[in-house]
Amino acid sequence: MTLQIYNTPYKKKQPFVPVNGNNVGMYVCGVTVYDMCHIGHARSLIVFDVISRFLRKKGYNLTYVRNYTDVDDKIIARANSLGRSYKEIAEKYIDEFKIDMDILGVKPADVEPKATEHIAEIIDMVRMLEDKGLAYRAQDGSVYFSVSKFRGYGKLSGRRIEEMIAGARVDVEEQKQDPLDFALWKRSKDGEPWWDSPWSKGRPGWHIECSAMSTHFLGHTLDIHGGGRDLIFPHHENETAQSEGAFGAEFAKYWVHNGFVTIEGEKMSKSLGNFMTIRELTKEVHPEILRLLLISRHYRSPIDFSKDALHASQLALVRFYEMLDRVEKSPLRQGASPLGTVIKTFSENFDEAMCDDFNTAKVIAHLHDLTTEVNRILDNDPAVVSDDIPRLKAAMSEVSEILGILEQDPAPFLETIKRSGISDVGLSGDEIEGLIEQRNAARKARDFKKADEIRDMLKSRGIQLKDSSEGTTWEKV
RNA sequence: GGCGGCAUAGCCAAGUGGUAAGGCGACGGUCUGCAAAACCGUUAUUCUCCGGUUCAAAUCCGGAUGCCGCCUCCA
């Protein structure tokens, strides 16, 4: 199956053909480290985590670069307000970021460069742009990119310069020759970090770091450049202008942009204040539940985040794990394998869906189909052919390796999930077990009235009982 | 004001020219002392609306309406 990727500037899916044979370079814009990450960041990180895992699974020799923006206005503002250095703030939030990624099961990128570690490359690139007449030095020693001198500005985001000027919502800065121009190098004010440069003691503009670092690690043409939708303009547009202006080569072959996480239909963001941090949320819900929610919609569509959506993901995850648990606990038998075909079909569908522009939503549907099939087969014959267990495990480990869900042992995972939230029931586990024993004694005595009373009482407290031949189990609903 | 995206059942959601995946919910059934879970079946003659292209449209084109995003820091 050949991989198709939706390419932002072309607005359609295209077959994925890397620039350099089997070697693939992917650069994804990471985070600005001035605060804790929220669920919107989590989505982007998880989307590209899944993409990178899948590319590797497909046999590409991937180099995945994801940067940290560790010097910027917000970091400086934060540092000043806390009386700390910008460096301390950046380091603190890089550490926090790594903890979050660990919680979410997002694998580290191959290279995670920081802007401040590549000032020399940034300066070289600005100089190159200046030499080519695409950049100019302003009076204060800042350097700006001259948008009007670069042919093709706007091709990524589908805008035209005239239209943007007509829009007239761009800042007019006195230093700029044209309101659309953007800073490559900013002269530092008092108390701000600075580096020496041919123009002024200053610091890099926001966009240039990505151009400089991606080129440094991956060359002039990236196979895939990714980030959130909000980065298309101006960030990625500006990166393109700088890189193509400086090197004369196509900057990125495929542009991949993920949709937002919204809250009641509005973009989750710091400025709107409608955000929830990864850390807060994963204290209450298992990270796999969040992960499943974030991959259960196509990566380009918005996802509306809510307790209900989270709950729906939990139900789905529990359904998958229960099926796996059921298989593991099944008695074994010899004979023909009824699961073989079902598993094979699933694996093929999985690959096909992933090749179709990383359609994880479709993958989840296939996972539901697989679950239904396996349950049906087990309803018919509760014994499992011994060879089918490793087969199913192999198919599932592919799912875990690429999607980063279903990585836990089913039984303990289910135990944890089903008993989470028990604190607001008002009964301890032992008390519940005690009541179950009383009920089972009543059932044995065929005193169903009493048995049902106990069950109804527990139900009213959110405890659902489940009788089976192996005994009675309970869960918090 | 400029540019772009989206609109599919009660809800979430996949589907970009060949006759509507999947999940939740609801209802009926099998199982069960009764439930729960699991499974089976039913649940969109139709994809916001109006026109057009085509043998064929949720999918393409034009228009309307609504929602969202970007144009200022954003994942």
Side-chain angles (χ1 to χ4, degrees), chain A residues 8 11-13 28-32 34 37-48 66 69 72-74 77 154 157-160 162-171 179-180 206 226-235 237 257-262 265-272 275 293 296-298 300-304 306 308-309 311-313 315-316 318-319 322-323 326 349 353 356 359-369 371-380 382 443 446-449 451-452 455-456 459 464-469 472-475 477:
Chain A
T8 302
K11 296 181 186 173
K12 62 179 183 194
K13 290 179 204 168
V28 174
C29 292
V31 292
T32 300
Y34 74 102
C37 286
H38 59 62
I39 300 160
H41 299 113
R43 183 179 194 189
S44 182
L45 271 333
I46 288 171
V47 162
F48 290 102
R66 188 186 60 215
T69 297
D72 129 296
D73 291 351
K74 287 192 164 176
S157 55
R159 290 158 203 250
R160 280 177 304 172
E162 314 83 74
E163 284 164 350
M164 287 185 270
I165 292 167
R169 273 188 57 183
V170 270
D171 261 5
L180 292 175
W206 174 35
R229 285 196 74 84
D230 48 358
L231 298 181
I232 296 173
F233 190 88
H235 188 236
E237 191 68 63
H257 292 103
N258 66 275
F260 298 132
V261 175
T262 61
E266 283 192 318
K267 180 183 174 183
M268 177 182 289
S269 70
K270 286 276 159 67
S271 41
L272 288 171
F275 63 92
L293 172 61
S296 62
R297 270 68 146 174
H298 188 94
R300 279 185 280 117
S301 308
I303 293 180
D304 204 48
S306 65
D308 281 355
H311 183 65
S313 291
L315 287 180
V318 165
R319 185 167 127 89
E322 276 186 330
M323 177 271 286
R326 193 177 171 191
N349 287 340
D356 182 14
N359 196 334
T360 52
K362 214 187 246 177
V363 170
I364 303 306
H366 292 314
L367 216 39
H368 276 292
D369 287 339
T371 303
T372 302
E373 287 292 319
V374 171
N375 277 324
R376 195 181 56 190
I377 288 165
L378 261 42
D379 273 5
N380 268 324
R443 287 173 74 208
R446 305 196 67 79
D447 183 356
F448 296 120
K449 186 165 176 284
D452 290 352
R455 186 176 61 197
D456 293 345
K459 178 81 190 255
Q464 175 71 58
L465 299 187
K466 197 188 282 189
D467 298 326
S468 76
S469 49
T472 302
T473 58
W474 62 271
E475 65 184 84
V477 287

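This one's a predicted model, so the numbers in the text were calculated from it and none came from an experiment. Lettering follows sequence order; numbering is per chain, from 1.
- Within 4.0 Å of D369(A), counting heavy atoms only, lie sugar-phosphate atoms of the nucleic acid but no base atom.
- A cation-pi arrangement is present between R159(A) and F233(A) under the rule of less than 6.0 angstrom and at most 45 degrees off the ring axis.
- Counting any heavy atom pair closer than 4.0 Å across all strands shown, V28(A) reaches no nucleic acid atom.
- At the phosphate of C40(B), OP1 or OP2 sits under 4.0 Å from a side-chain N or O atom of R376(A).
- Residue S296(A) comes nearest to I364(A) through the heavy atom pair CA-CG1, 4.1 Å, listed as atom of the first residue, atom of the second, then distance.
- Pairing of A44(B), defined by two Watson-Crick or G-U wobble distances under 3.5 Å, is not identified with any nucleotide.
- Following rounding to the nearest Å, D379(A) (CG) and A37(B) (C1') show an atom-to-atom distance of 10 Å.
- Of the two residues near RNA chain B, K362(A) and G265(A), the one whose nearest nucleotide lies more 5' is K362(A).
- Taking atom CG on N359(A) and atom C1' on A13(B), their separation rounds to 11 Å, with Å as the unit.
- As judged by a 4.0 angstrom heavy-atom cut-off over every strand, L231(A) is placed among residues touching the sugar-phosphate backbone only.
- With values rounded to the nearest 0.5 angstrom, R326(A) atom CZ is found 4.5 Å from L378(A) atom CG.
- Backbone-only contact: K11(A) has heavy atoms under 4.0 Å from sugar-phosphate atoms and none from a base.
- For the pair K449(A) and C34(B), the criterion of a side-chain N or O lying under 4.0 Å from OP1 or OP2 is not met.
- R297(A) comes within contact range of the sugar-phosphate backbone alone, with a heavy-atom separation under 4.0 Å but no base atom that close.
- Using a 4.0 Å heavy-atom cutoff across all strands shown, M323(A) reaches no nucleic acid atom at all.
- Side-chain atoms of D456(A) and base atoms of C34(B) include no donor and acceptor less than 3.5 Å apart.
- When the nearest nucleotides of RNA chain B are assigned to S301(A) and V261(A) by heavy-atom distance, the more 5′-ward of the two goes with S301(A).
- Within the 4.0 angstrom heavy-atom criterion, base atoms lie near F260(A).
- Looking at heavy-atom distances under 4.0 Å, K13(A) makes contact with sugar-phosphate atoms alone, never a base.
- Residue F233(A) is in sugar-phosphate contact alone, with no base atom involved, counting any heavy-atom pair closer than 4.0 Å across all strands shown.
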- Message: Show, in sequence, the C-alpha distance, side-chain angles and deciding distance for T473(A) and L465(A), and conclude whether the side chain to side chain contact (heavy atoms under 4.5 Å, CB included) test is met.
- Response: CA-CA 6 Å; T473(A) 58; L465(A) 299 187; over 6 Å; no
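- In this model, no side-chain donor or acceptor of R300(A) finds a partner on the base of G5(B) within 3.5 Å.
- Nucleic acid contact for T262(A): none, since no nucleic acid atom lies under 4.0 Å from a heavy atom of the residue.
- Judged by the 6.0 Å distance and 45° axis criteria, K270(A) is positioned over the aromatic ring of Y34(A).
- Residue-level contact check: N258(A) touches the bases, meaning some heavy atom is under 4.0 Å from a base atom.
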